[in-house]
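Just so we're clear, the structure is a prediction, and the values are computed from it rather than from any experiment. The first residue in the sequence is number 1, and the count goes up from there.
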Amino acid sequence: MEFKIAGDSHGPSMLGIIEGIPAGLSIDKEAINTDLRRRQKGYGRGERMRIESDEVEIISGIWNGLTTGAPLVLMVANKAANPVDVRKERNVPRPGHGDYSAWAKYGLMDLNAYTERNSARWTVALAAIGSVAKQFLSVFDMRVMGFVASIGKVHVDDALFDEVQKDFDTYIEKRDNSPVACPFEDISEKMIQEIENVAFKNATTLGGSIKTFATGVKPGLGSYSDVFNKIDSKIGRYFMSIPSVKGVHIGHEDVSCTGYEYQDPFTYEDGKIKRQKNFAGGIEGGMTNGENIIVTAYFKPISTLANPLDSVDLKTKAQCKAPYIRSDSVIVPAATVLTESVLAIILMEEIVEGFGNDNVELVKQRYFEKYH
């Protein structure tokens, strides 16, 4: 399969393209729009989220609500105008953004040229593609769910993660009712206070982390044959494509324990081989092992600051302050839909590559024949 994203932040639209998707998959547009709305929510989001009202339009690859096997093209219109006058050349790079590094590579002096692609607006297409991937996974009894595990110095205790896995429906509802996408009400309140007391009061930004789970995953998805395309290799690559992600961890985060403590012993229950725990996070040897996949993604504080940092004018070399362009204070809650998206995309890709891409019912038949 191939996934492509095109469009500019303040152009007419953003496009998401899925090539190699099987025919016969029923697409629920409202489910996609629900995910697009989730991407816009979250305490600490900025002005643009009040301007945009994202809705998907499927412009090819579908007939009577079903995929045809042709490339599926998803379009989301842009409504927000550019907050800066792009007719005025901008020569001062913002620390933490791609302004300077893009100028060093591509050589165009006007930094406005790079802002369009460096903007996180492109993730609206990622959310749309990921929503389709989640609908595909539901045919195979798989689910993907993410929630905020930390913002700033406030974090969810590791012991609570097991609770989430025992009752996904309850915790998804709690997450969706939280302004910061954290399903634990007391911790959610502390995260809101952290945003108000640190980010808002100091005109700065905060990072954090997101815990993402996949359930119903069968063992043996993926392959060890190509070391760069193992599932954990893909997780590293795909998760790191999300703006502001600076680190990714699979499974149990404390690796200071011994090997005897870390590995997951086998057990045989109810006619199935299982594990006594899941420190591996559902992946061993580049393949799924039948346990829930658990991925933690770490997000840096975003770069655009209302109280700008020092910079240098690339034309005059004069010391100056970086420009301020509208931005968010915290993007971690909104990014839960993005971490879900990339994990769902990886699993959809593995199923299609392992069981074919002709008709979804045939793919399903082959899949469940193997895992009967």
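- Listed for the S311 side chain is no donor-acceptor partner under 3.5 Å among the backbone atoms of R94.
- For K166, the NZ atom counts as loosely surrounded, since its 6.0 Å shell holds 12 or fewer non-hydrogen atoms of other residues, nucleotides or ligands.
- A salt bridge links D169 to R143: at least one charged side-chain nitrogen sits closer than 4.0 Å to a carboxylate oxygen.
- Screening E284, E269, E291 for a salt bridge (charged side-chain N to carboxylate O under 4.0 Å, His left out) involving R275 leaves a single residue, E284.
- Taking the ring axis of Y171 as reference, the NZ or CZ atom of K174 stays within 45° of it and closer than 6.0 Å to the ring centre.
- In this structure, the side chain of D328 does not engage the main chain of I331 through any donor-acceptor pair within 3.5 Å.
- One finds a salt bridge joining K211 and E253 here, because a Lys/Arg side-chain nitrogen approaches an Asp/Glu carboxylate oxygen to under 4.0 Å.
- Counting heavy atoms from C-beta outward, V217 and E350 have side chains that stay 4.5 Å or more apart.
- Under the side chain to side chain donor-acceptor pair (under 3.5 Å) criterion, S303 pairs with K300, sequence neighbours left out.
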- request: Assess whether side-chain hydrogen bond (donor to acceptor under 3.5 Å, both in side chains) is satisfied between S178 and R175, documenting all intermediate values.
  value: CA-CA 5 Å; S178 165; R175 176 204 64 192; over 6 Å; no

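- How far CG of N91 is from OG1 of T316: 8.0 Å, rounded to the nearest 0.5 Å.
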Report, one line per pair, each donor and acceptor closer than 3.5 Å where one atom sits in a side chain of residues 144-159; sequence neighbours left out.
{"unit_1": "S150", "atom_1": "OG", "unit_2": "S209", "atom_2": "N", "d": "3.0"}
{"unit_1": "S150", "atom_1": "OG", "unit_2": "S209", "atom_2": "OG", "d": "2.6"}
{"unit_1": "D157", "atom_1": "OD1", "unit_2": "A159", "atom_2": "N", "d": "2.9"}

